[in-house]
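Quantities reported herein were computed from a predicted structural model and do not represent experimental measurements. In what follows, every chain begins at residue 1, and chains take the letters A, B, ... in the order their sequences are listed.
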Amino acid sequence: MAMKTGVEIEQLIQLLAKLPGLGPRSARRAALFLIKKKDTLLRPLAEAMALAADRVVTCSSCGNVDTIDPCAICSDHRRDKSLICVVEEVGDLWALERAGALSGLYHVLGGTLSALDGVGPDDLNISGLVERAAQGEVREVVLALNATVDGQTTAHYIIDRLEGTGVAVSQLAHGVPVGGELDYLDDGTLTEAIRARRPY
Amino acid sequence: MTQSVTASWGWSSQADMDWSDEGIVLTTRRHGETSLIVELLTRRHGRHAGLVRGGTSRRHKAMLQPGNTLAAHWRARLEEHLGAYSFEPVKTRAAGLMSDRLCLAGLNAMCALTVVCLPEREAHERLYDAFEIVLGAMEDLTVWSALYVKWEIGLLRELGFGLDFSHCAATGVTDNLKYLSPKSGNAVSEGAAGPYKDRLFVIPAFLREDRLGGADGMEGILEGLKMTGYFIERRLLRPHGLDLPEARYRLEDLLRREAA
């Protein structure tokens with residue numbers, strides 16, 4: 001027998017089920033949990049979401065998401081403005097920020113070129129990158145794109161587009177990940193790791 | 001006996017719904033959060049899609065890059081279902097191709113043309129073998145680019161639109177065949193070409209002499225690409241309202257810059 005709940009609760013469950021990692025059953029559990037903690041969780045969460053929906057904007061310079069435009073990274077004067085790191089998605093930018101390995105600025109492309117999925121250069125934020133690189137302050141562009149065929153196709157395309165701007169272009173290394181065991185690596189990664197070996 | 005009876009009644013045999021074959025990865029599309037729909041060009045089952053559960057995992061993703069060859073096992077409840085793949089890597093060459101933009105462009109063009117031109121689940125063993133040969137030769141640009149043009153000629157032939165380099169369409173002679181008619185796809189001898197030369201395709205030396213790399217070098221490759229691109233677009237794609245894939249244009253563009 002179908003469970004009878006109010007329209008509002010059903011709508012909450014349906015919306016929660018659209019979140020990554022949640023299916024209809026887990027969305028139902030999450031909804032129940034939120035309802036139980038109505039004052040301590042549901043209401044603050046709803047307010048935080050409404051606030052984020054109102055205030056979150058995409059940075060007009062780098063494509064990051066923030067509540068200010070330019071974003072906090074682009075407007076941080078301590079950042080090295082001569083270095084731009086190109087990433088596919090905002091999630092990649094967050095990953096690099098977590099690592100804290102880069103003191104420069106970022107540029108979010110919004111995806112990768114894919115002829116089969118109909119994603120062309122005009123669908124990505126590549127022109128914006130070329131404009132930024134041509135402004136004179138930039139000395140190096142680091143391509144931090146995924147080591148996939150689409151990612152590397154995009155990288156080669158960007159290298160072509162940056163030709164003539166006088167900016168140095170570098171790319172993340174490919175090879176053995178930390179904690180990786182050689183026995184479990186695929187042949188291609190091992191070959192790349194051998195090819196990119198460095199002397200001590 | 002069982003198979004022939006089931007086939008005549010329009011039923012699928014177990015062999016149609018559970019098979020093993022070798023296949024080259026053409027494309028992958030995300031399905032849900034952890035699975036991928038993978039399209040392979042298989043030797044005996046043609047272009048064939050299937051679900052790979054857990055395909056987005058770190059362990060699987062490296063193997064499911066376009067250009068890699070897999071020993072694939074496909075299983076479905078009914079023949080017309082999407083079905084699911086399980087696989088073992090045979091040749092993981094994608095990582096090696098990624099660092100060379102020309103190789104990557106060649107791989108992308110072949111994958112894109114295969115997906116756009118080949119019908120699903122129709123075996124083209126010769127085309128599969130030629131695909132493997134081109135990928136295997138990608139260390140030497142002169143060799144693989146010539147093989148690539150021959151692969152496109154093979155694609156046209158497999159789909160029933162073969163070009164005829166054997167004799168002159170106008171006179172029937174078999175020597176001095178330097179041109180190809182854009183109308184018929186047949187060779188034209190130098191003597192018969194006469195005043196129409198400008199309207200005909202030049203057959204590059206490596207195709208005339210049937211060897212890899214010709215006296216006309218990269219210029220010959222570009223002539224060959226112009227010719228095959230024209231026929232693929234006119235005969236295979238335009239009837240379906242399609243253009244040459246962007247990846248194919250990019251390959252031609254990069255080779256043109258390489259030649260300059």
Side-chain angles (χ1 to χ4, degrees), chain A residues 17-24 26 89 111-124 143 145-161 163-164 169 171-181 183-196, chain B residues 25-30 32-34 36-37 39 47 56 58-70 88-116 242-251 253-254 257-258:
Chain A
K18 290 183 179 176
L19 295 177
L22 293 187
S26 41
E89 299 289 354
T112 51
L113 295 175
S114 175
L116 295 167
D117 295 332
V119 183
D122 297 338
D123 301 311
L124 304 177
L143 299 175
L145 302 175
N146 290 339
T148 59
V149 166
D150 284 347
Q152 295 311 299
T153 303
T154 312
H156 289 301
Y157 180 81
I158 291 172
I159 292 167
D160 287 350
R161 288 286 303 271
E163 241 177 43
V169 183
Q171 203 176 5
L172 294 189
H174 300 155
V176 185
V178 174
E181 292 173 37
D183 195 22
Y184 289 97
L185 285 182
D186 67 291
D187 304 350
T189 307
L190 275 174
T191 310
E192 275 302 291
I194 293 285
R195 207 179 285 171
Chain B
V25 180
L26 297 173
T27 64
T28 56
R29 286 194 309 277
R30 229 185 153 95
E33 280 174 51
T34 55
L36 287 177
I37 293 175
E39 210 164 349
R47 181 166 74 88
T56 56
R58 209 183 290 176
R59 190 168 69 90
H60 282 156
K61 225 176 168 185
M63 290 182 258
L64 292 172
Q65 290 300 308
N68 285 345
T69 302
L70 311 173
E88 284 285 325
V90 177
K91 288 174 201 158
T92 49
R93 50 169 91 82
L97 302 177
M98 281 181 199
S99 53
D100 187 318
R101 63 179 183 168
L102 284 169
C103 291
L104 204 52
L107 170 66
N108 281 331
M110 280 206 291
C111 290
L113 281 176
T114 306
V115 169
V116 173
L242 299 170
D243 294 324
L244 270 181
E246 191 61 42
R248 173 60 168 72
Y249 283 118
R250 177 155 169 79
L251 171 67
D253 181 46
L254 286 177
R257 279 198 265 164
E258 186 73 15

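- No part of A/Tyr184 comes within reach of chain B, as not one of its non-hydrogen atoms sits under 4.5 angstrom from that chain.
- The parts of B/Ala112 that come within reach of chain A are both its backbone and its side chain, each placing non-hydrogen atoms under 4.5 angstrom from that chain.
- Separating the OG atom in A/Ser114 from the CD atom in B/Glu246 is a distance of 11.5 Å, to the nearest 0.5 Å.
- In this structure, chain A has heavy atoms under 4.5 Å from both the backbone and the side chain of B/Pro66.
- Every residue two or more places apart in sequence or in another chain that forms a ring pair (Phe, Tyr, Trp, His ring centres under 6.0 Å) with B/His60 is listed here: B/Phe87.
- Interface residue B/Leu26: only backbone heavy atoms are found under 4.5 Å from chain A.
- Taking every heavy atom of both residues into account, B/Met98 and A/His156 meet most closely at O-NE2, 2.8 Å.
- In plain terms, the two heavy atoms of B/Ala94 and A/Val149 that are nearest each other are CB-CG2, 4.3 Å.
- In this structure, A/His174 contributes its side chain and B/Ser99 its backbone to no donor-acceptor pair below 3.5 Å.
- Contact of the A/Asp160 side chain with the B/Arg257 side chain is registered, since non-hydrogen atoms from C-beta on lie closer than 4.5 Å.
- At a 4.5 Å heavy-atom cutoff, B/Leu64 makes no contact with chain A through either its backbone or its side chain.
- Between the CG atom of A/Leu113 and the CG atom of B/Asn108 there is a distance of 9.5 Å, given to the nearest 0.5 Å.
- With a 4.5 angstrom heavy-atom cutoff, B/Arg248 does not touch chain A via any of its atoms.
- Contacts between B/Asp100 and chain A at a heavy-atom distance below 4.5 Å involve the backbone alone (N, CA, C, O).
- Between the side chain of B/Gln65 and the backbone N or O of A/Thr148, no donor-acceptor pair lies under 3.5 Å.
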* To do: Could you check B/Arg101 against A/Tyr157 for side chain to side chain contact (heavy atoms under 4.5 Å, CB included), going step by step and ending with a plain yes or no?
  => CA-CA 9 Å; B/Arg101 63 179 183 168; A/Tyr157 180 81; over 6 Å; no

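- A/Leu22 has its side chain out of reach of B/Glu33: every pair of non-hydrogen atoms, C-beta onward, lies at least 4.5 Å apart.
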